[in-house]
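This chain uses plain numbering: 1 for the first residue, then up along the sequence. Keep in mind that what you see is a predicted model, and the values were worked out from it rather than measured.
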Amino acid sequence: MVDDVPLLDLAAAPPPVDVCLAGVHAVLVTHDRPDHCAPLVLLARQWVRRSEPLTVVGPSPVLEAVRPWLGPDDPVELVPVTAGAVLRRAGYDIRALAGDHEVPTWRPAGRGRGGAGRRARPGARLARRLTSPPVDFRRLGRSGLTISEIAYGNWLTHGGQVEEDAAHACVRAALDAGITTFDTADVYAGTRAETVLGAALAGQRRESIELFTKVYWPTGPGRNDRGLGRKHVIESCHASLRRLQTDYVDLYQAHRYDASVPLEETMTAFADLVRSGKALYIGVSEWNAEQIAAGAALARELGIPFISNQPQYSMLWRVIEAEVVPTSEQEGLSQIVWSPLAQGILTGKYRPGEQPPADSRAGHPEAGQSMQRFMTDELLGRVQQLRSIAEDLGLSMAQLALAWVLQNRNVAAAIIGATRPEQVQDNVAAAGVTLDADVMTRIDDVLGDVVERNPARTARG
């Protein structure tokens, strides 16, 4: 037990919070909605078979959701607490707040806003082995929509690179890690990716997740099965809803800019989908600064919420920084970035002078085609030099890369993909990490001129 610990007012972040002190793990829950506590059930399921004791503190409805997972000999203590009450457990004074969404913001000492501090936290290795830290949340654009700053996407994976059972396991891992935001597109795997994601999310409380998809690329042989004309936009949205098994998407995105169709036609079609309740918000992907500004102007005239852009962005690909980000900030859009790991290059698994592993994305005959621009010995050698920076911070290479993109204040979320649940668990540990200015400088010094910064490369990566 630890003495003289301050009273903790727990509010406004995803449950649960875990405390690891003197071999005692306490999961703190401060609202009474069991359906909001899927990560709590996972923690109980993982910990009950271990020797370390677990204390779960929370309102009775939440504890009852955990109880079926427990056996008579499991080292778990369920401690009910009423709203507003104060209870001491694991050396902490815990105050349970009253509101449905008043959930913990407190972080264990050392998890902090910097990687080095998190590495030094007592018990960190044990805690990391058992569970990932909770995902943080950000507002999307100038809107009221809150999304998880680590989002789960299924480009190149679901319906293609991985079998459906593996895809479902990755989605479950994302949900268990606290990810609530899921991104897909009608064109991924020839529409199969949407079908797989819809099946994987079936049975989830719809209000507890944010579901995004896109329209533009061909989804059939017809001349109107592509682009941003009204016919394709409306029909593609309806088809996506059927595949995703939902009545609406939270964000419907133009997957590219369509210069062959009047922008007014595209934005009017989007406006009609919003007004019919089939899309709550509108976004785009890989639009340049001029296109974003024009789209935002029309959205204001039509009275529809145009709130996001989805560009490629990573340590190696920074083409949005000079023009797209400033324009987006001015127009009230956030970035939801894809390929923050440069399709796995920034994990460090690819080494100069070596063939890619056979089971890796670069080793896949189809998925690996989009990675060839990164597969040079010079670039791969520079990436290997990032390893010492990650190790100094107690982060994996993937966590360092994800934390880097999240330092950009205009980035609302980084989209991760996965072929195994373990990749999801590793990636979400980047949530809430702040890299100091000297770390950002070290990264720039290592990568040097292999970084692509030319804004003219927008949508041409």
*Asks:* State, with a plain yes or no, whether a side-chain heavy atom of Leu341 is found less than 4.5 Å away from one of Ile416.
*Replies:* no
*Asks:* Do you see a donor-acceptor pair shorter than 3.5 Å between the side chains of Thr213 and Glu194?
*Replies:*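 Thr213 vs Glu194: donor-acceptor pair found between side chains.
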*Asks:* Look at the side chain of Arg226 and the backbone N and O of Pro218, then say whether any donor-acceptor pair between them is shorter than 3.5 Å.
*Replies:* no
*Asks:* Any ring pair (Phe, Tyr, Trp, His ring centres under 6.0 Å) pairs touching residues 411-460, not counting sequence neighbours?
*Replies:* none
*Asks:* Less than 4.5 Å apart, side chain to side chain, heavy atoms only: is that true for Leu145 and Glu210?
*Replies:* yes
*Asks:* Do you know the tightest heavy-atom contact between Val424 and Cys170?
*Replies:*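 Between these two residues, the closest heavy atoms are CG2-O, 4.0 Å.
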*Asks:* Can you list the steps and then say if Thr266 with Phe270 is a side chain to side chain contact (heavy atoms under 4.5 Å, CB included)?
*Replies:* CA-CA 6 Å; Thr266 298; Phe270 281 150; 3.7 Å; yes
*Asks:* Does Arg206 count as lying over the ring of Tyr248, i.e. NZ or CZ under 6.0 Å from the six-ring centre, within 45 degrees of the axis?
*Replies:*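 Here Arg206 passes the 6.0 Å and 45° test against Tyr248.
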*Asks:* Do Arg442 and Asp392 meet the salt-bridge criterion of a basic N to acidic O distance under 4.0 Å?
*Replies:* yes
*Asks:* Quick one: CG on Leu201 to NE2 on His168, what's the gap to the nearest 0.5 Å?
*Replies:* 9.0 Å
*Asks:* Hey, are the side chains of His255 and Val215 touching, using non-hydrogen atoms and a 4.5 Å cut-off?
*Replies:* no
*Asks:* Looking at Gly141, is its backbone amide N or carbonyl O close enough to the side chain of Ser334 to form a donor-acceptor pair, meaning the two atoms are under 3.5 Å apart?
*Replies:* yes
*Asks:* Could you report the tightest heavy-atom contact between Gly277 and Leu280, atom names first, then the distance?
*Replies:*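 Heavy atoms only, the tightest pair is O-CD2, 4.5 Å.
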*Asks:* Could you tell me how the ring of Phe182 sits relative to the ring of Tyr152: parallel (under 30°), tilted (30 to 60°) or perpendicular (over 60°)?
*Replies:* tilted
*Asks:* Are a donor atom and an acceptor atom from the side chains of Gln310 and Trp287 found within less than 3.5 Å of each other?
*Replies:*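 The answer is no; no qualifying pair exists.
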*Asks:* Is the shortest side-chain heavy-atom distance between Ile282 and Ile307 below 4.5 Å?
*Replies:*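 They are not in side-chain contact.
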*Asks:* Give the intermediate values and the outcome of side chain to side chain contact (heavy atoms under 4.5 Å, CB included) for residues Arg275 and Leu302.
*Replies:* CA-CA 11 Å; Arg275 293 187 180 111; Leu302 294 165; 4.2 Å; yes
*Asks:* If we count only N and O atoms by modelled type, under 3.5 Å, do the side chains of Asp186 and Ser236 hold a donor and an acceptor together?
*Replies:* yes
*Asks:* Compare every heavy atom of Ala413 with every heavy atom of Ser148, then report the nearest pair and how far apart it is.
*Replies:*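 Heavy-atom minimum between the residues: O-CB, 3.4 Å.
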*Asks:* Would you kindly say whether Gln253 and Ser285 are connected by a side-chain donor-acceptor distance under 3.5 Å?
*Replies:* no
*Asks:* Between Thr268 and Asp272, is there a side-chain heavy-atom distance shorter than 4.5 Å?
*Replies:* yes
*Asks:* In Å and rounded to the nearest 0.5 Å, what is the CG to CZ distance from Leu228 to Arg256?
*Replies:* 11.0 Å
*Asks:* In Å and rounded to the nearest 0.5 Å, what is the CZ to CD distance from Arg230 to Glu265?
*Replies:*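 Between Arg230 CZ and Glu265 CD, I get 8.0 Å after rounding to 0.5 Å.
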*Asks:* For Ala296 versus Glu331, what's the shortest heavy-atom pair and its separation?
*Replies:*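 So the two residues come closest at CB-OE1, 3.4 Å.
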*Asks:* Could you verify whether a donor N or O on one side chain and an acceptor N or O on the other, from Arg243 and Thr195, lie under 3.5 Å apart?
*Replies:* no
*Asks:* Between Arg387 and Gln384, does any side-chain donor sit less than 3.5 Å from a side-chain acceptor?
*Replies:*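 Looking only at side-chain atoms, Gln384 and Arg387 do form a donor-acceptor pair, the distance falling under 3.5 Å.
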*Asks:* Taking Arg172 for its side chain and Ala167 for its backbone only, find out whether a donor-acceptor pair lies under 3.5 Å.
*Replies:*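 Side chain of Arg172 to backbone of Ala167, a donor-acceptor pair under 3.5 Å: no, none is there.
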*Asks:* Between Val383 and Met397, is the side chain to side chain contact (heavy atoms under 4.5 Å, CB included) condition met? List the steps.
*Replies:* CA-CA 9 Å; Val383 169; Met397 293 276 283; 4.0 Å; yes
*Asks:* To the nearest 0.5 Å, tell me how far Trp317 CH2 sits from Ser339 OG.
*Replies:*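 Between Trp317 CH2 and Ser339 OG, I get 10.0 Å after rounding to 0.5 Å.
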*Asks:* To the nearest 0.5 angstrom, please state how far the CG atom of Leu241 sits from the OG1 atom of Thr246.
*Replies:* 6.5 Å
*Asks:* Do you see a donor-acceptor pair shorter than 3.5 Å between the side chains of Asn288 and Thr458?
*Replies:*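 Per modelled atom types, Asn288 and Thr458 side chains form no pair under 3.5 Å.
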*Asks:* Does any non-hydrogen side-chain atom of Asp183 lie less than 4.5 Å from one of Leu211?
*Replies:* no
*Asks:* Do Arg351 side-chain atoms and Gly348 backbone N/O form a donor-acceptor pair below 3.5 Å?
*Replies:* no
*Asks:* What's the spacing between Leu386 CG and Glu391 CD if we round to 0.5 Å?
*Replies:*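 Here the interatomic distance stands at 11.0 Å.
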*Asks:* Tell me, do Leu197 and Arg192 make a side-chain contact under 4.5 Å, heavy atoms counted?
*Replies:*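 No, too far: nothing below the 4.5 Å cut-off.
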*Asks:* Any donor and acceptor pair, going by atom type alone, linking the side chain of Thr327 with main-chain N or O of Val324 inside 3.5 Å?
*Replies:*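 No, Thr327 side chain to Val324 backbone: no donor-acceptor pair under 3.5 Å.
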*Asks:* For Ile443 and Ile389, run side chain to side chain contact (heavy atoms under 4.5 Å, CB included): C-alpha distance rounded to whole Å, both residues' side-chain angles, the deciding distance at 0.1 Å, then the answer.
*Replies:* CA-CA 8 Å; Ile443 291 170; Ile389 299 176; 4.1 Å; yes
*Asks:* Check Ile292 against Ser328 and note the closest heavy-atom contact, atom names and distance.
*Replies:*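 The pair with the smallest heavy-atom distance is CD1-OG, 3.8 Å.
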*Asks:* Between Glu235 and His232 (side chain of the first, backbone of the second, donor and acceptor by atom type, cut-off under 3.5 Å), is there such a pair?
*Replies:*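 A pair under 3.5 Å: no.
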*Asks:* Whether the Gln204 and Ser208 side chains hold a donor-acceptor pair (N or O, under 3.5 Å, no angle test) is what I'd like checked.
*Replies:*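 No pair is found: no donor N or O on one side chain lies under 3.5 Å from an acceptor on the other.
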*Asks:* Does atom CG of Asp165 have more than 12 heavy-atom neighbours from other groups under 6.0 Å away?
*Replies:*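 Counting other residues, nucleotides and ligands, CG of Asp165 stays at 12 neighbours or fewer.
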*Asks:* Do any N or O atoms from the side chain of Asp176 and from the backbone of Ala173 form a donor-acceptor pair under 3.5 angstrom?
*Replies:*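 Judged by distance alone, no pair lies under 3.5 Å.
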*Asks:* Can you give each donor-acceptor pair under 3.5 Å made by side-chain atoms of residues 400-408, sequence neighbours left out, with the distance rounded to 0.1 Å?
*Replies:*
| residue | atom | partner | partner atom | Å |
| --- | --- | --- | --- | --- |
| Gln407 | OE1 | Leu435 | N | 3.1 |
| Gln407 | NE2 | Ala403 | O | 2.4 |
| Gln407 | NE2 | Val433 | O | 3.1 |
| Asn408 | OD1 | Asn410 | N | 3.0 |
| Asn408 | ND2 | Tyr313 | OH | 3.3 |

*Asks:* Please tell me whether Lys214 and Tyr188 have a donor and an acceptor in their side chains that are separated by less than 3.5 angstrom.
*Replies:* yes
*Asks:* Are Thr184 and Asn154 close enough that a side-chain donor and a side-chain acceptor fall under 3.5 Å?
*Replies:* yes
*Asks:* Indicate yes or no: at least one non-hydrogen side-chain atom of Gln399 is less than 4.5 angstrom from one of Asp426.
*Replies:* yes
*Asks:* Looking at every non-hydrogen atom in both residues, tell me the closest pair between Leu140 and Ser143 and how far apart they are.
*Replies:* O-OG, 2.5 Å
*Asks:* Heavy-atom count around Asp247 CG within 6.0 Å, excluding the residue itself: above 12?
*Replies:*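 No, because the 6.0 Å sphere around CG of Asp247 holds 12 heavy atoms or fewer from other groups.
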*Asks:* May I ask you to check whether over 12 heavy atoms, not counting those of Glu422, lie within 6.0 Å of atom CD?
*Replies:*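 Yes, the 6.0 Å shell around CD holds more than 12 heavy atoms from other groups.
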